[in-house]
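Worksheet: the structure to be examined is printed underneath.
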Amino acid sequence: MEHAAQVVDPFIFRLSIFVLAVFVGYFVVWSVTPALHTPLMSVTNAISSVIVVGALLAGGVANVSSGSGWARAFGFVALIFACINIFGGFLVTQRMLAMYKKKSK
Amino acid sequence: MSANFSAFLYLVAGVLFILSLRGLSSPASSRQGNLFGMVGMAIAVATTLANHPPADGLAWVLVIVGIAIGAAIGAVIARRVPMTSMPELVAAFHSLVGMAAVLVAAGAFYAPEAFDIGTPGNIHTQSLVEMSLGVAIGALTFTGSVIAFLKLSARMSGSPIILPARHVINVALAVALVACIVGLVVTGSPVFFWLNVILALTLGVLMIIPIGGADMPVVISMLNSYSGWAAAGIGFTLGNSALIITGALVGSSGAILSYIMCHAMNRSFISVILGGFGGETAAAGGGAGGEQKPAKLGSADDAAFIMKNASKVIIVPGYGMAVAQAQHALREMADMLKKEGVEVKYAIHPVAGRMPGHMNVLLAEANVPYDEVFELEDINSEFAQADIAFVIGANDVTNPAAEEDKTSPIYGMPVLQVWKAGTVMFIKRSLASGYAGIDNPLFYRDNTMMLLGDAKKVTENIVKAM
């Protein structure tokens, strides 16, 4: 059972996800109609703020040392920034998309 | 919640983000797409809170207060911002993503155990590499976007700021940055971490200041791309698939938009990055020194009369329309024309405005149905059948020199062939040359009528005259 001992580094899995997602992004974004390029930018802004998960981890660490105190502070500010982006980004996109209408007749 | 199940939920969030971009392939499906994005975000946040709940009461308070503050600010901004200011808003949002990436990495650096990447002072080498890349790109995105914001909101001059030996300075900074990353990885010292941040912040400023106002659509797309790569870098550190997928999506989205913008200006990405093009000061040379050619000036009454008797009018909006907030008056004019039985269409050049798709949003805001709005390739052949091309606040994107004059700096750039229409009407503040600083020969042609004045006032006068 020597094969079982060969464990693939999780990094390789992450890299695979990353590379495949770049390709998915490439094809999905080319299919976005040019009329919606501004909402595309605002919605990509909103979704890239999923970095909020990192802010939640840092902001919620157990306060055991001076290092974790700093981590909390950084996490708290990052959380505010990311949430401005999440709410601002999605809501402004929604506001824009609501304006796109077809001819009534 | 088991680690496997939460990893699965992050994957679901990532897929929902893909679907949110996919929805933008048509306005009809776009609203649903945006909803997918919101659901994905909610799943990602809920999963994190369930799997790594804040450690104590105070941490919960911090998290809830932080979300509340951000949500309140974001919601107010989203509601209040005028559509004409979308480019600077997007730039400001990019800067926040960049800064958040830096702060999250700092958090991970000081409390690595919370991120499962080691212990303080003893972080896994691989995590340090990923982290330092995320930090460098994030910091660069932050200052670059701040400069772009200042330029777009006219708080800073749009003309390029050229430092002597700037290429040497930038290369030196980049080398120093790489050295710091190596230093951080080898020693794990906070000194290198912060040096890395400072160098990247400086590089961000220096990279954007030499780029002129006309190239802003490229810059803003490029920063969009960078904010994605920064998020992906942090995603690797956290081992979070939602973040990796999103980073890759946003990174490639911004890269594609930059490519489209460069292509529409017939410029290479490298020459845009090197900067120095599109200074407003360069405009002075054109008309003043050269021979005075006669341009035919018209009045609002003339324009109203001619348009009412036309059968097909194509409207070409540009940045001037956004500045004058003329989109509503323009829609009113188009409605009057449609009542008279005139066919009205809109033609949009990819680089009209200060960001991709800016004109489409402004027209949508003025209730122009999106199926009357056409992209360059779809409408260029129709100008020959149009009686009137009504150019409002656009200039360089209609310049025939791009097709006819091999010596012109914009030669080869795809342009809207408005000159093929029966009559071309230009609403402009003056006969000055455009953003690229190039004279437009169209102003002096026989079938061109210049309507000088503020775009909004002139359009309102035309509406009155009808």
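Proteins come first, then strands; the chains are lettered A, B, ... in the order of their sequence lines, and each starts at number 1. Every heavy atom of this structure was used, including side-chain atoms; hydrogens, water molecules and symmetry mates were not.
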Please flag which part of Asn51(B) lies under 4.5 Å from any non-hydrogen atom of chain A: side chain, backbone, both or neither. neither
Per-residue tally against chain A (heavy atom, under 4.5 Å) across Ala72(B), Ala230(B), Ala55(B) peaks at Ala55(B)
Which region of Leu243(B), side chain (C-beta onward) or backbone (N, CA, C, O), has a non-hydrogen atom less than 4.5 Å from a non-hydrogen atom of chain A, or is it both or neither? both
Counting only non-hydrogen atoms closer than 4.5 Å, does Ser95(B) touch chain A with its backbone (N, CA, C, O), its side chain (CB onward), both, or neither? neither
Would you call Lys101(A) and Asp371(B) a salt bridge, using N to O less than 4.0 angstrom? no
Which of Thr33(A), Leu79(A), Asn45(A) touches chain B most, by non-hydrogen pairs under 4.5 Å: Asn45(A)
What part of Val43(A) is in contact with chain B, defined as an atom under 4.5 angstrom from a non-hydrogen atom: side chain, backbone, both or neither? side chain
Structural part of Ala55(A) lying under 4.5 Å from a heavy atom of chain B: both
Shorter than 4.5 Å, heavy atoms on both sides: which option in Ile260(B), Leu249(B), Val250(B) has the most such pairs with chain A? Val250(B)
Chain B contacts, top residue of Val53(A), Leu15(A), Val77(A), Thr93(A) (heavy-atom pairs, under 4.5 Å): Val53(A)
Go through Phe93(B) and Met41(A) one step at a time and tell me if the side chain to side chain contact (heavy atoms under 4.5 Å, CB included) criterion holds. CA-CA 10 Å; Phe93(B) 279 168; Met41(A) 296 194 93; over 6 Å; no
Taking side chain as everything from C-beta outward and backbone as N, CA, C, O, which of these in Leu21(B) sits under 4.5 Å from a heavy atom of chain A? Side chain, backbone, both or neither. both
Name the option with the most non-hydrogen atom pairs under 4.5 Å to chain B; the candidates are Ala21(A), Ala62(A), Ala82(A). Ala21(A)
Just how far is it from atom OG of Ser48(A) to atom CZ of Phe17(B), taken to the nearest 0.5 Å? 9.5 Å
When heavy-atom pairs shorter than 4.5 Å are enumerated against chain A, which of Arg22(B), Glu113(B), Met99(B), Gln126(B) gives the highest number? Gln126(B)
Chain A interface, residue from Ile69(B), Val97(B), Ile220(B), Ile77(B) that has the most non-hydrogen pairs under 4.5 Å: Val97(B)
I need the minimum non-hydrogen distance between Val29(A) and Ser253(B), along with the two atoms involved. CG2-CB, 3.5 Å
Please step through ring-ring contact (aromatic ring centres under 6.0 Å, His included) for the pair Phe109(B) and Phe74(A), ending with a clear verdict. CA-CA 10 Å; Phe109(B) 187 75; Phe74(A) 293 134; 9.7 Å; no
Pairs of heavy atoms under 4.5 Å with chain A: top-ranked of Pro54(B), Ser26(B), Pro27(B), Gly107(B): Gly107(B)
Over 60° means perpendicular and under 30° means parallel, so classify the ring planes of Trp229(B) and Phe18(A), tilted if in between. perpendicular
Closest contact, heavy atoms only, Ala111(B) versus Ser68(A): CB-CA, 4.3 Å
Leu62(B) portion near chain A, given a 4.5 angstrom heavy-atom threshold: both
Taken to the nearest 0.5 Å, the spacing of Cys83(A) SG from Ile73(B) CD1 works out to 10.0 Å
Under 4.5 Å, counting heavy-atom pairs only, tell me which of Leu40(A), Ile47(A), Asp9(A) racks up the most with chain B. Ile47(A)
Under a 3.5 Å distance rule, please check whether Asn34(B) uses its side chain to pair with a backbone N or O of Phe90(A) as donor and acceptor. yes
Considering all heavy atoms, the nearest Ala242(B)-Val50(A) contact: O-CG1, 4.2 Å
Is there a side-chain contact between Met96(A) and Met86(B) (heavy atoms, below 4.5 Å)? yes
Side-chain (Arg31(B)) to main-chain (Gln94(A)) donor-acceptor, under 3.5 angstrom: no
Interchain contact, Val373(B) with chain A, by part (heavy-atom threshold 4.5 Å): neither
To the nearest 0.5 Å, what is the distance between CD1 on Ile84(A) and CD1 on Ile67(B)? 13.0 Å
What orientation do Tyr259(B) and Trp30(A) show, parallel under 30°, tilted 30 to 60°, or perpendicular over 60°? perpendicular
Could you tell me which portion of Val52(A) (side chain, backbone, both or neither) has an atom closer than 4.5 angstrom to a non-hydrogen atom of chain B? side chain
Could you check which of Val24(A), Leu91(A), Leu56(A) has the highest count of heavy-atom pairs closer than 4.5 Å to chain B? Leu56(A)
Flag for Ser241(B)-Arg14(A): side-chain donor and acceptor within less than 3.5 Å: no
Atom of Ser25(B), atom of Ser31(A) and distance for their closest heavy-atom approach: CB-O, 3.3 Å
Contacting region of Pro34(A) [heavy-atom separation from chain B under 4.5 Å]: both
Closest heavy-atom pair, Met41(B) versus Ala46(A), reported as atoms and distance to 0.1 Å, is CE-O, 3.2 Å
Checking Asn224(B) against Thr44(A): is there a side-chain donor and acceptor pair closer than 3.5 Å? yes
Donor-acceptor contact below 3.5 Å, side chain Thr38(A) vs main chain Pro356(B): yes
Quick check on the interface: out of Leu20(A), Val92(A), Val32(A), Asn85(A), who has the most heavy-atom pairs with chain B under 4.5 Å? Asn85(A)
Any chance OH of Tyr26(A) has more than 12 other-residue heavy atoms, nucleotides or ligands included, within less than 6.0 Å? no
Could you grab the distance from atom OH of Tyr370(B) to atom CG of Leu36(A), nearest 0.5 Å is fine? 9.0 Å
Which bit of Leu11(B) is near chain A, if near means a heavy-atom gap under 4.5 Å: side chain, backbone, both or neither? neither
Tell me, yes or no, whether the heavy-atom count around Phe23(A) atom CZ, taken from other residues, nucleotides or ligands under 6.0 Å, exceeds 12. no
In terms of heavy-atom pairs under 4.5 Å with chain A, which of Glu375(B), His52(B), Met355(B), Met38(B) leads? Met38(B)
Is chain A contacted by the side chain of Val81(B), its backbone, both, or neither, given a heavy-atom distance below 4.5 Å? both
Region of Ile51(A) that comes under 4.5 Å of a non-hydrogen atom in chain B: both
Taking all heavy atoms of Tyr110(B) and all of Gly67(A), pick out the closest pair and write down the distance. CB-O, 3.4 Å
